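Accompanying notes for the structure given below.
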Amino acid sequence: MRKILVTSALPYANGSIHLGHLVEYIQTDIWVRFQKMQGNLVYYICADDTHGTPIMLMAEQENITPEILVKNIHIEHAKDFEDFHVNFDNFYSTNSSENKELSENIYRALVKNNKIFEKEIEQFYDTDKKMFLPDRFIKGECPKCRAKDQYGDSCESCGATYNPTDLNNPYSVLTGLSPVKKKTKHYFFKLSECSNFLSKWTKLDTLQKEARNKLDEWFKAGLSDWDISRDAPYFGFEIPDAPGKFFYVWLDAPIGYMASFKNFADNNKLSFDDFWKNNSDTELVHFIGKDILYFHALFWPATLEYSGYRKPTKIYAHGFLTVNGEKMSKSRGTFITARSYLDNIKNPNLLRYYYASKLNDSMEDIDLNLQDFSAKVNSDLVGKFINIPSRTSGFISKYFENKLVPIENIEDKKARDLILGIINIKDLVLEHYESRFFSKLIKLLMTQVESLNEFISQKEPWVLAKKEGQHKVNSDLHQICSTCLHAFRLVSIFITPVIPELTSKIALFFNESPYKSFSDIETEANEINKYEHLMQRLDLKDIEAMIVTKK
RNA sequence: AGUGAUGUAGCUCAGUUGGUUAGAGCGCAGCAUUCAUAAUGCUGAGGUCGAGAGUUCAAGUCUCUCCAUCACUACCA
């Protein structure tokens, strides 16, 4: 049995969960549910990422403390995840005592290993706000193309990158005032000394090929040291023995994975060290978006290495979500929050299914085409999948007292082949899940369902039902409908990680408890309950309503 | 600007180490059917595989150039 600690990236606590976030959480949740159904010991850990300047300022604007802000957001996030059936074992917060302690200890270990040094740097300072300004909080004229109102790190007009001190006529986004340059002492992590370790580590099959290509750029350019401190005022953890200096949020955010697990382990009498001590034989798997690859594939493993912890086993990066082929946009109404989806479309299974049908193991972006979305889920799930019990169970109820013919008594060769065929794809199904090639999985399963619909059309049970002797137990009619329902049940078990809530209803239809293991395919159902519609078709009007709805 | 990636039917995507008339689902057209949430089955139309050049007996698949789209470029997260 494998022991796996799985994480999704920590959502930042300054806004709502949207459909882009959900690509990652749904992808991870499917993978975790798959591992659990395989009988592996898996813990799925996450937390809100709560520190940094934006959250501090947002709280100030709302006239509440940052602590209250992140607490409110946490409640909202947790509810969104729950409603999308994203089943964390622990959803915690980086603003926790566990995280503070771990961050401090890790920092001390880095100091002890001579990986931290101090350096005085010059930064823009807002004299009115009395704070140093992050790049994103300074705007000005691009030094290259002279476009106005460009951010301090790059120009959206010409794409140039530079330092905020290069801007012409810089101003503070907070006050509009011209910031002054001011010297300040910062703490740096000697990432430049980690090249050997990192270049070795990234070749250990921990990363996707594209990700490794991307990192090679960095190695070629040479790694720079990493500024891990920020000046007060800053919402975060104060650095030990450095009053007025705080950990940069990206230092304590990944440590939040550890802290969330620590919290979980303490509450469940598990061993923290078992999963985090150096050379642990457990697996540590991070699901992330491609935008935060650097933090997870450079800073994070280096931090772990030089503070004496285990390193990640796998980092799985996925692409971004586009809606109708374009970046999500508030003005187009395609910036869709989790809550807006739930309010309008209601059924989370549809999105889970759709994402699964498009996800693979690469870092490519995936597109949510809303027309395609409704066509696909209606056609696949309602028209094909749910259609199987819908068109066969009536006969079983009407003539055979809800009893199914046992699989071993099914005589027709074609019928037996259908059932065996589905049982035989098990290895392929597991392979697609393990490799995160969910699109292939969905295609494979849908092909099975298509064969079933084809089978029903060929056998014409409705014609048989009108014939003499077909209402007796074990008749052709009984066998054909039983075959389809057995096969439908098998497909349902295979697809459970994708749409667990729907298949739990299907289990109920077969008078069973929800499917918890792939070995459930070795047993069979012998009766059904009266069929009731398992899901509704998606109406395009609901999608239109969702696009208009703005938050 | 640099780097990484993507560009295959109206839409969303498959296309293994280059090998016969380029595939699927949806959509569309026609037929069949009525058990089923106008669901299903069968048949068909539809593509100069982003553009151009090259290597090869043979290229969607390899090389180069160009175009378009996306992402990243370290003190926003």
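Numbers restart at 1 for each chain; the letters A, B, ... are given by sequence-line order, proteins then strands. Keep in mind it's a predicted model, so treat the numbers as computed, not measured.
- At whole-Å resolution of the value, CG in A:Asn360 and C1' in B:U12 are 13 Å apart.
- Between A:Phe91 and A:His74, the ring planes are parallel. Angles under 30° get that label, and only those over 60° would be called perpendicular.
- There is no side-chain donor-acceptor pair under 3.5 Å between A:Thr503 and A:Ser492.
- In terms of phosphate contacts, A:Tyr248 brings a side-chain nitrogen or oxygen within less than 4.0 Å of OP1 or OP2 of B:A77.
- When the nucleotides B:C11, B:C75, B:G25 are ranked by their closest atom to the side chain of A:Arg230, B:C75 comes out on top.
- Dashed line: the shortest gap from a side-chain N or O of A:Lys384 to OP1 or OP2 of B:C26 is under 4.0 Å.
- Residue A:Asp49 contributes atom CG, which lies 9 Å from atom P of B:A77 at whole-angstrom precision.
- Per the geometry, CG belonging to A:Leu485 stands 12 Å off C1' belonging to B:C35, to the nearest Å.
- Residue-level contact check: A:Glu460 touches neither bases nor backbone, having no heavy atom under 4.0 Å from any strand.
- Side chains of A:Glu76 and A:Ser16: a donor on one and an acceptor on the other come within 3.5 Å.
- In terms of position along RNA chain B, the nucleotide closest to A:Glu450 lies nearer the 5' end than the nucleotide closest to the other residue of the pair A:Glu450 and A:Arg537.
- Counting to the nearest Å, the C1' atom of B:A77 and the CD1 atom of A:Ile73 are 14 Å from each other.
- Within the 4.0 angstrom heavy-atom criterion, no nucleotide atom of any strand lies near A:Leu368.
- Note on A:Phe437: nothing from the nucleic acid sits closer than 4.0 angstrom, heavy atoms only.
- Comparing B:G25, B:A24, B:U37 by their nearest atom to the side chain of A:Lys443 picks out B:A24.
- The side chain of A:Glu454 lies closest to B:C42, out of B:C42, B:A74, B:U40.
- Nearest-nucleotide positions on RNA chain B for A:Lys466 and A:Asp367 put A:Asp367 closer to the 5' end.
- Among the heavy atoms of the strands lying under 4.0 Å from A:Ile386 is at least one base atom, whether or not backbone atoms are also near.
- Contact annotation for A:Gly222: base contact, defined as any heavy-atom pair under 4.0 Å involving a base atom.
- Nearest to the side-chain atoms of A:Phe320 among the listed nucleotides B:A36, B:C72, B:G41 stands B:C72.
- Annotation: B:U69 and B:G46 have their P atoms spaced 31 Å apart (nearest Å).
- Residue contacts for A:Asn387: at a heavy-atom cut-off of 4.0 Å it reaches a base atom on one of the strands shown.
- Using cut-offs of 30° and 60° on the angle between ring planes, the pair A:Phe400 and A:His478 is parallel.
- The aromatic rings of A:His21 and A:His18 sit tilted relative to each other, their planes meeting at an angle between 30° and 60°.
- Taking atom CD1 of A:Ile55 as the reference point, atom C1' of B:A77 lies 9 Å away to the nearest angstrom.
- Residue A:Gly383 is in sugar-phosphate contact alone, with no base atom involved, counting any heavy-atom pair closer than 4.0 Å across all strands shown.
- Taking atom CZ on A:Phe299 and atom P on B:A77, their separation rounds to 12 Å, with Å as the unit.
- Side chain of A:Ser457, nearest nucleotide from B:A77, B:A14, B:U40: B:U40.
- Between the C1' atoms of B:G52 and B:A68, the separation comes to 15 Å (whole Å).
- When the options A:Glu122, A:Glu120, A:Glu118 are evaluated for a salt bridge (Lys or Arg N to Asp or Glu O under 4.0 Å) with A:Lys185, the one that passes is A:Glu118.
- Distance check on atom P: B:C75 versus B:U56 gives 49 Å, rounded to whole Å.
- Side chains of A:Gln208 and A:Asp361: a donor-acceptor N/O pair is absent below 3.5 angstrom, by distance only.
- Using a 4.0 Å heavy-atom cutoff across all strands shown, A:Phe295 reaches at least one base atom of the nucleic acid.
- Looking at heavy-atom distances under 4.0 Å, A:Asn14 makes no contact with the nucleic acid at all.
- The P atoms of B:A22 and B:A36 are separated by 42 Å, rounded to the nearest whole Å.
- In this structure, the nucleotide among B:C26, B:A36, B:A74 sitting nearest to the side chain of A:Arg391 is B:A36.
- Counting only heavy atoms from C-beta on, A:Trp462 has its side chain closest to B:U33 among B:G25, B:C70, B:U33.
- Within 4.0 Å (heavy atoms only), A:Met535 reaches at least one base atom of the nucleic acid.
- Comparing the C1' positions of B:C62 and B:G18 gives an interatomic distance of 8 Å, to the nearest angstrom.
- Contacts of A:Val382 with the nucleic acid, taken as non-hydrogen atoms under 4.0 Å apart, include base atoms.
- Across all strands, A:Asn324 comes closer than 4.0 Å to no nucleic acid atom at all (heavy-atom distances).
- Dashed line: the shortest gap from a side-chain N or O of A:Lys358 to OP1 or OP2 of B:C13 is under 4.0 Å.
- Across all strands, A:Lys214 comes closer than 4.0 Å to base atoms (heavy-atom distances).
- When each of B:A71, B:G25, B:A77 is scored by its nearest atom to the side-chain atoms of A:Asp372, the top-ranked nucleotide is B:G25.
- Between the side chains of A:Ser172 and A:Asp126, at least one donor N or O sits under 3.5 Å from an acceptor N or O.
- Ring centroid separation for the pair A:Tyr257 and A:His296 comes in under the 6.0 Å cut-off.
- Atom CG in A:Leu538 sits about 13 Å away from atom P in B:A39, given to the nearest Å.
- Between A:Phe437 and A:Ser439 there is a side-chain heavy-atom pair separated by less than 4.5 Å.
- The side chain of A:Tyr294 places no N or O atom within less than 4.0 Å of a non-bridging phosphate oxygen (OP1 or OP2) of B:A77.
- The gap from the C1' atom of B:G7 to that of B:G60 amounts to 12 Å, rounded to the nearest Å.
- In this structure, the nucleotide among B:A74, B:A71, B:C11 sitting nearest to the side chain of A:Leu191 is B:A74.
- Of all nucleotides listed (B:C75, B:G15, B:A74), B:A74 comes nearest to the side chain of A:Ser224.
- Heavy atoms of A:Pro134 sit under 4.0 angstrom from primed sugar atoms or phosphate atoms, though from no base atom.
- Looking only at atom types and distance, the side chain of A:Thr50 has no donor-acceptor partner in the side chain of A:Asp48 under 3.5 Å away.
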Dot-bracket encoding of pairs in RNA chain B, which uses [ ] for pseudoknotted crossings and | for another strand, Watson-Crick or G-U under 3.5 angstrom: (((((((..((((.....[...)))).(((((.......))))).....(((((..]....))))))))))))....
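- Nucleotides B:A51 and B:C42 are separated by 34 Å at their P atoms, to the nearest Å.
- Neither OP1 nor OP2 of B:A36 sits under 4.0 Å from any side-chain N or O of A:Lys398.
- Using a 4.0 Å cut-off, no side-chain N or O of A:Lys376 falls inside it from OP1 or OP2 of B:C11.
- Ring orientation note: the planes of A:Tyr354 and A:Phe373 are nearly perpendicular, at an angle over 60° on the 30°/60° scale.
- Straight-line distance between the P atoms of B:G27 and B:A38: roughly 14 Å, to the nearest whole Å.
- Distance, A:Ile288 CD1 to B:A71 P: 17 Å, rounded to whole Å.
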